[in-house]
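I have placed the structure first, in the form of structure tokens, so that the comments after it can refer back to it.
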Amino acid sequence: MKKSNFIVLYLCFHFIFSVTNNRADVIVVAESGGHYTSVQAAIDHASAGDSILVREKSTPYFEKINFDHGGDATNGYITLMAYPGEHPILDGSGVPNNPASYTDDMIYLENVSYVRIIGFEIRNVNTPEGSGIRVYGYGSYIEIRDNEIHEIRGGAQDGGAMGITIYGADDNRSINHLIIDGNHIHDCDPAWSEALTLNGNVEQFEVTNNLIEDVNNIGIDFIGGEDWLSSRFARNGRCAWNQVYRANSSYGGGWAAGIYVDGGQDIIIENNVVSECDLGIEIGAENQNVVTTGITVRNNIIYKNDKAGLVFGGYDVNTGRVKNCVFTGNTCYQNDVQHQGLGELWIQYAEENELYNNIFYANDQNVLLYSESGNVNNLLDYNLWYAEAGENSASWTWNNRHYSSFSGYQAGSGQDAHSFFADPLFTDAAQADFHLSSASPAVDAGSPTFIPADDERDMDHENRLAGSRVDVGADELQPTSAAHEAEPTPNVFELLSIYSNPFNNETQIRFQIDKAGKVELAVYDLGGKKIRQLINRFQAAGTFALRWNGRDDQNRICPSGAYFVTLEINGQKRAQKALLIR
């Protein structure tokens, strides 16, 4: 493997083997010439601080893996990862059930800490309940990164053939300091369960940069309050920069959310993209007497989902409640594709929540808001509402009372006193580009008292507040290149976004540079192989774009999945993960 490619992998994984720990070994698993020929044998031998590198071979590794021990705080992680530049496959075809777990899991961890799993393709399990990767019990410092998990099949509703499952099953000891990043889960049968789930006593987690698509129930779920684990719940975590497409339930009429919180608490849901699911993002509470609280849903893009866009509340009078949550800076566009009458925003049994600085843009049925009688003391303001048929042809339902004009809705509901009805003037919504044009009425139209969190960003990783007031919706229009030239920030340049995604011939990679110069953009696959290079010279600082149609240098179509993009200008380089959707 070329040295330059290995450097790219290092930048993207944020990982380096320990060379200061004298106990650490590097263990190689290979068809021949390695230390072991099976992955399980290498894990059985490994100690804290060891790294297991698994090489490709002529056939997959037909085995199911059990971690009965992990690393420790003193000597570090046990790391199981793909050999740099290679693509090992774990395949469950014909392999007996995993003897370590009560279900059928390809990789199983119970009551272990300090484990990393990086860079595998995990596939082919036919099970009524099992997972590509399952973490059970308690444990700390577990990382699951850059794996592709698919064909975990279990029928339409057998109980859950899931991608990644985290069950905090100990009342007194949690699963904590968990990272799930950069994984691609697709073509699985999780119904009645979820493709990626954190359930029970799980805290201090990061679920980031994952791609979930084509699963037969919920995409990503954070759960608490179920009978099997007393009152424990997923909490104090973050779900960010994920993309979920086509999470559609195969039972009960189809009510799966792309991203769902069911009984979780104190979680930030930010900068995600959800499309073509039954529901976009839902904050709910299925179990009686459970209160979902402290959830912040901000700066997400929710578009063209089947039944509704943004949803919150218990689903009937006998379920739990959603209380004291905040929804801000989200863009909801033409949801309720099936014309169920639930529109862009659906409020159920919920109390004392706040919604502000959001864009709600209806489809041709013109339904913007539907709320039921369980809607109590929720506050909406500084939002932008729009339907192409016009202000007097749109629909708002507040506490089961219908309004057919924006002014009538404002007067009758007492809500959205500072909100407005206007076309947000997106750059190209038809191509799923929800950037604001310079003429958009959403610019500087948010709440004047809004102060973003220090780490909060808009849809392009840019500052959430760039003008006198925050912009409404997920995009914050940044200063022009002239402004950058007037007040340059030394040595600042960054990758911003790739739009539109799913890819087409107009997709662009946007980036920001602080000075004139030659820009080189390179796209790498997960193995570190450069597949496309784009070069141009720019005469000024500013925000620019180069077009990439999702093909390699030989004009071959690149498949859906994770890639790495590097930006280099004047000898300095940045690297960022990108998810390509077909």
Side-chain angles (χ1 to χ4, degrees), residues 156-157 190-195 212-222 242-262 269 272-286 292 295 297 300-317 319 322 325 327 330-350 353 355 358-375 378 380 385-389 394-400 402 429 432 434:
Q157 47 186 294
W192 300 70
S193 299
E194 307 85 25
I212 316 293
E213 55 182 344
D214 299 303
V215 297
N216 74 351
N217 205 31
I218 296 162
I220 302 175
D221 200 357
F222 305 95
N242 303 286
Q243 298 187 57
V244 185
Y245 301 94
R246 296 175 300 283
N248 304 107
S249 178
S250 57
Y251 65 93
W255 297 97
I259 298 176
Y260 186 30
V261 179
D262 170 23
I269 311 290
N272 302 283
V273 177
V274 182
S275 184
E276 299 180 78
C277 304
D278 294 332
L279 307 173
I281 295 178
E282 179 180 10
I283 310 303
E286 293 186 11
T292 298
I295 309 300
V297 180
N300 301 281
I301 296 173
I302 307 165
Y303 73 101
K304 293 193 175 181
N305 293 283
D306 286 353
K307 293 182 172 68
L310 182 59
V311 185
F312 66 93
Y315 62 80
D316 66 30
V317 70
T319 60
V322 172
C325 298
F327 303 82
N330 302 288
T331 292
C332 295
Y333 178 81
Q334 292 192 351
N335 293 285
D336 198 358
V337 171
Q338 294 180 356
H339 289 193
Q340 299 280 324
L342 302 173
E344 303 306 307
L345 174 62
W346 180 17
I347 303 175
Q348 302 182 86
Y349 286 82
N353 303 282
L355 294 89
N358 304 286
I359 293 176
F360 300 106
Y361 190 123
N363 63 19
D364 58 1
Q365 70 170 339
N366 302 313
V367 175
L368 286 160
L369 165 65
Y370 180 78
S371 75
E372 302 171 278
S373 56
N375 170 10
N378 297 296
L380 284 66
W385 302 86
Y386 187 66
E388 293 175 5
S395 171
W396 294 260
T397 300
W398 184 260
N399 283 342
N400 286 326
H402 177 257
F434 300 107

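This one's a predicted model, so the numbers in the text were calculated from it and none came from an experiment.
Remark: Asp214 pairs with Arg246 by the salt bridge (Lys or Arg N to Asp or Glu O under 4.0 Å) rule, at least two apart or across chains. Every side-chain hydrogen bond (donor to acceptor under 3.5 Å, both in side chains) that Asn242 has, sequence neighbours left out, goes to Asn210, Asn272. In this structure, Trp398 has no ring-ring contact (aromatic ring centres under 6.0 Å, His included) partners at least two apart in sequence or on a different chain. With sequence neighbours excluded, the residues forming a side chain to side chain contact (heavy atoms under 4.5 Å, CB included) with Ala387 are Ala362, Asn366, Ala394, Phe421, listed by chain and number. Applying the side-chain hydrogen bond (donor to acceptor under 3.5 Å, both in side chains) criterion to Glu194, with sequence neighbours excluded, gives Thr197. Residues satisfying the side chain to side chain contact (heavy atoms under 4.5 Å, CB included) criterion with Ala247, sequence neighbours excluded, are Val215, Val244, Cys277. Every residue meeting the side-chain hydrogen bond (donor to acceptor under 3.5 Å, both in side chains) condition with Asn330, not counting sequence neighbours, appears here in chain and number order: Asn300, Asn358. Every residue was checked against the ring-ring contact (aromatic ring centres under 6.0 Å, His included) condition with Tyr349, not counting sequence neighbours, and none meets it. Contacts of Val311 classified as side chain to side chain contact (heavy atoms under 4.5 Å, CB included), with partners at least two apart in sequence or in another chain: Leu279, Glu282, Ala308, Trp346, Gln348. Checked against ring-ring contact (aromatic ring centres under 6.0 Å, His included), Tyr260 has no partners two or more places apart in sequence or in another chain. A search for side-chain hydrogen bond (donor to acceptor under 3.5 Å, both in side chains) contacts involving Ser275 returns nothing, not counting sequence neighbours.
Checking side-chain atoms of Lys307 against main-chain N and O of Gly254 turns up a donor-acceptor pair under 3.5 Å. At distances below 3.5 Å, at least one donor-acceptor pair connects side-chain atoms of Asp262 with backbone N or O atoms of Glu286. Remark: side-chain polar atoms of Asp278 are paired, donor with acceptor, to backbone N or O of Ala256 under 3.5 angstrom. With hydrogens and angles disregarded, a donor-acceptor distance shorter than 3.5 Å links the side chain of Asn335 to the backbone of Asn305.
Judged purely by distance below 3.5 Å, without hydrogens or angles, the side chains of Tyr333 and Glu344 never pair a donor atom with an acceptor atom.
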